[in-house]
Amino acid sequence: MKPKRIILELGAGASLHGGDYTKAAVRAVDDAIHHSSLSFIRNLGLDAKKMEVTVTVGVQKPELVDADKVKARLPHGQVTVNVVKGGLDVPDVENNDITVLASAAIAVRMELPKRT
């Protein structure tokens, strides 16, 4: 049976000073995962290790995100992290600083038991 998407959570995160794209990405992922409780997985007798978790994070400079640090925030499943162009950079010209905003989408897929 093909895994089905059972969860899609969204989050946003920011690095207010210093232009830290990884910090913004991690905060976006933390925001998304703190919106969910996966109690149904336990209640249905499913194995959380078998979840296929796909994390997509959008920032203006994807190459500056440490995907391994983002991946480390996910407590369960087989995790894949994709960092893409998105989010928002807000420059502070007067202070030579930048605020980085990141968006995150976390999709979880699992094989579900057949209905009887």
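These numbers come from the heavy atoms of this one structure, side chains and all, not from hydrogens, waters or symmetry mates. Along the sequence shown, residues carry numbers from 1.
Rounding to the nearest 0.5 Å places NZ of Lys71 at 6.5 Å from OG1 of Thr80. Summarising the geometry, atom NZ belonging to Lys49 is positioned 11.5 Å from atom CD belonging to Gln78; distances are rounded to the nearest 0.5 Å. Rounding to the nearest 0.5 angstrom, the gap separating the CG atom in Asp89 from the NZ atom in Lys61 is 6.5 Å.
By the criterion of side-chain heavy atoms lying less than 4.5 angstrom apart, applied directly or through intervening Ile, Leu, Val, Met, Phe, Trp or Tyr residues, Leu16 is not grouped with Val100; the two fall into different hydrophobic clusters. At a threshold of 4.5 Å between side-chain heavy atoms, the hydrophobic network of Ile, Leu, Val, Met, Phe, Trp and Tyr places Leu88 and Val26 in two separate groups.
Counting heavy atoms of neighbouring residues, nucleotides and ligands inside a 6.0 Å radius, atom NE2 of His35 exceeds 12 of them.
The backbone N or O of Gln60 sits less than 3.5 Å from a side-chain atom of Lys85, completing a donor-acceptor pair. Without hydrogens or angle criteria, Thr22 side chain to Asp66 main chain gives a donor-acceptor distance under 3.5 Å. In terms of modelled atom types and a separation under 3.5 Å, the side chain of Asp31 and the main chain of Ala12 share a donor-acceptor contact. A side-chain donor-acceptor contact under 3.5 Å links Asp97 to the backbone of Gly18. Judged purely by atom type and a 3.5 angstrom limit, Glu52 has no side-chain atom pairing as donor or acceptor with the backbone of Met110.
Considering only heavy atoms from C-beta on, Val53 comes within 4.5 Å of Ile106 through its side chain. Between Val59 and Val83 the shortest side-chain heavy-atom distance falls below 4.5 Å. Between Ile33 and Leu74, some side-chain heavy-atom pair lies under the 4.5 Å cut-off.
The two residues Ala14 and Leu101 make their nearest non-hydrogen contact at CB-CD2, 3.5 Å. Of all heavy-atom pairs spanning Val65 and Ala25, the tightest one is CG1-CB, 4.0 Å. In plain terms, the two heavy atoms of Pro3 and Arg109 that are nearest each other are CB-CB, 4.0 Å. Between Ala102 and Ala28, the shortest heavy-atom contact is O-CB, 3.7 Å. Contact between Ala32 and Glu9 at its shortest, heavy atoms only, is O-CB, 3.7 Å.
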